[in-house]
Amino acid sequence: MELFKYMEKYDYEQLLFCQDKESGLKAIIAIHDTTLGPALGGTRMWMYNSEEEAIEDALRLARGMTYKNAAAGLNLGGGKTVIIGDPRKDKNEAMFRAFGRFIQGLNGRYITAEDVGTTVADMDIIYQETDYVTGISPEFGSSGNPSPATAYGVYRGMKAAAKEAFGSDSLEGKVIAVQGVGNVAYHLCRHLHEEGAQLIVTDINKEAVQRAVEEFGAKAVDPNDIYGVDCDIFAPCALGGIINDQTIPQLKAKVIAGSANNQLKEPKHGDIIHEMGIVYAPDYVINAGGVINVADELYGYNRERAMKKIEQIYDNIEKVFAIAKRDSIPTYKAADRLAEERIETMRKSRSQFLQNGHHILSRRRGR
Ligand SMILES: NC(=O)c1ccc[n+]([C@@H]2O[C@H](COP(=O)([O-])OP(=O)(O)OC[C@H]3O[C@@H](n4cnc5c(N)ncnc54)[C@H](O)[C@@H]3O)[C@@H](O)[C@H]2O)c1
Ligand SMILES: CC(C)C[C@H](N)C(=O)O
């Protein structure tokens, strides 16, 4: 991979390699765009097959956060970290302390949080070295695990998508197929069950399925069968790339609305489901509840304020549908346009993030 060529193509600002021999830390921090503010994005810990794969993931995820934060209306840019290693075996306190010092060295250009393979406990360790970390424990006056907030945002966005497809945002009696009932989808299923939806669930983890069956009266199906079940709404809440050539012909749902990142295998799959008349709630718009929640910590966490902003994911999804109609384009393209229009408008009045400028972090320092 020709790094500078790639960075130039998608206009990345910065890529950092952080190494600490004693603790085994090998981290890559990618900062995509700080037009709207400091780059906020989680830290993923994963066993990558190669350094190149890790770099690509960091870059791709960082750019995704630029779009997610912009579309969510946050005054934040996009960045992400990947740590190379097995989150079940390779974590240690010194590793996250060393990582925290590297973040501190960026002086606020990048703020981290949880992602796949990292937890609130890891963020608490990072917090010992830097203030530029969110998703830390409620004991520190913070927001804790972002998953319930993400779930609430997906629930709100799903209602907006239901209104678009069925003319009413009520989910009562709707049949909803949920792929993966992990951290986010467990809470999503609770909201859906409370509203009277009928749930069909699947997961490779049998205990997770059993819990949904017992607590929410869900019907369980095998992982390979979830795409073809008779349902109104399909909620992908496990993996990326699951809207693809193999799965699309099986789909019976009129709406796709779920928490998983990068649901479309390729952009063309967004075009295909658009042509089929499926209402697709773009992933990074509907799953922004977690980042909205952790971002509120930068103002001194206020759950009520955060929840109010997460509720607006309903409006953000409606805005996407309006742009799609205005410009006669599929919703995944409309989401990009929503984010890009906001960044471009702000770019005119603001350049790169400056720690000494007037910004949310200058308020946080005083608390
Ligand atoms: N946690 C958050 O706040 C958050 C925020 C934004 C986006 N997301 C995205 O939402 C998705 C779910 O996140 P999570 O935190 O709930 O993760 P999680 O690991 O807790 O849950 C994912 C679930 O999917 C299951 N799964 C994996 N492969 C599967 C397969 N082939 N078929 C069926 N089930 C399978 C896993 O067993 C697990 O129970 C991920 O794509 C994540 O990137 C999460
Ligand atoms: C900042 C984090 C809560 C971000 C989350 N991991 C996401 O993908 O949106």
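Below, all heavy atoms of this structure are taken into account, side chains as well, without hydrogens, waters or symmetry copies. We count ligands from 1, going down the list as the structure has it; atoms in each ligand are counted the same way.
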Beyond-backbone contact of I125 with E93, side-chain heavy atoms, under 4.5 angstrom: yes

Could you work out, with side-chain hydrogen bond (donor to acceptor under 3.5 Å, both in side chains) as the rule, every residue matching H187, not counting sequence neighbours? R190

Examine distances only and state if a side-chain atom of Q19 and a backbone atom of K21 form a donor-acceptor pair shorter than 3.5 Å. yes

Within the distance-only criterion (no hydrogens, no angle test), does the side chain of H193 pair as donor or acceptor with the backbone N or O of L199 below 3.5 angstrom? no

Checking N92 side chain against A94 main chain: does a donor-acceptor pair fall under 3.5 Å? yes

Apply side chain to side chain contact (heavy atoms under 4.5 Å, CB included) to A335 and list each qualifying residue two or more places apart in sequence or on a separate chain. P282, Y284, V285, V320

R44 backbone acceptor or donor facing T118 side chain under 3.5 Å: no

Less than 3.5 Å apart, N/O on ligand 1 and N/O on the protein: could you list those pairs with the distances?
from     : atom 1 : to   : atom 2 : distance (Å)
ligand 1 : 1 (N)  : S147 : OG     : 3.2
ligand 1 : 3 (O)  : T150 : OG1    : 2.7
ligand 1 : 10 (O) : S259 : O      : 3.2
ligand 1 : 10 (O) : S259 : OG     : 3.0
ligand 1 : 16 (O) : N183 : N      : 3.2
ligand 1 : 16 (O) : V184 : N      : 2.8
ligand 1 : 20 (O) : N183 : N      : 2.9
ligand 1 : 20 (O) : N183 : ND2    : 3.0
ligand 1 : 37 (O) : D203 : OD1    : 2.6
ligand 1 : 39 (O) : D203 : OD1    : 3.4
ligand 1 : 39 (O) : D203 : OD2    : 2.7
ligand 1 : 41 (O) : A238 : O      : 3.0
ligand 1 : 41 (O) : N261 : N      : 3.4
ligand 1 : 43 (O) : N261 : ND2    : 3.1

Less than 6.0 angstrom separating the ring centers of F216 and Y186, yes or no? yes

Could you pull out the N/O contacts under 3.5 angstrom between ligand 2 and the surrounding protein atoms?
from     : atom 1 : to   : atom 2 : distance (Å)
ligand 2 : 6 (N)  : E114 : O      : 3.1
ligand 2 : 6 (N)  : D115 : OD1    : 2.7
ligand 2 : 8 (O)  : K68  : NZ     : 3.1
ligand 2 : 8 (O)  : N261 : ND2    : 3.3
ligand 2 : 9 (O)  : K68  : NZ     : 2.5

Side-chain (R342) to main-chain (L74) donor-acceptor, under 3.5 angstrom: yes

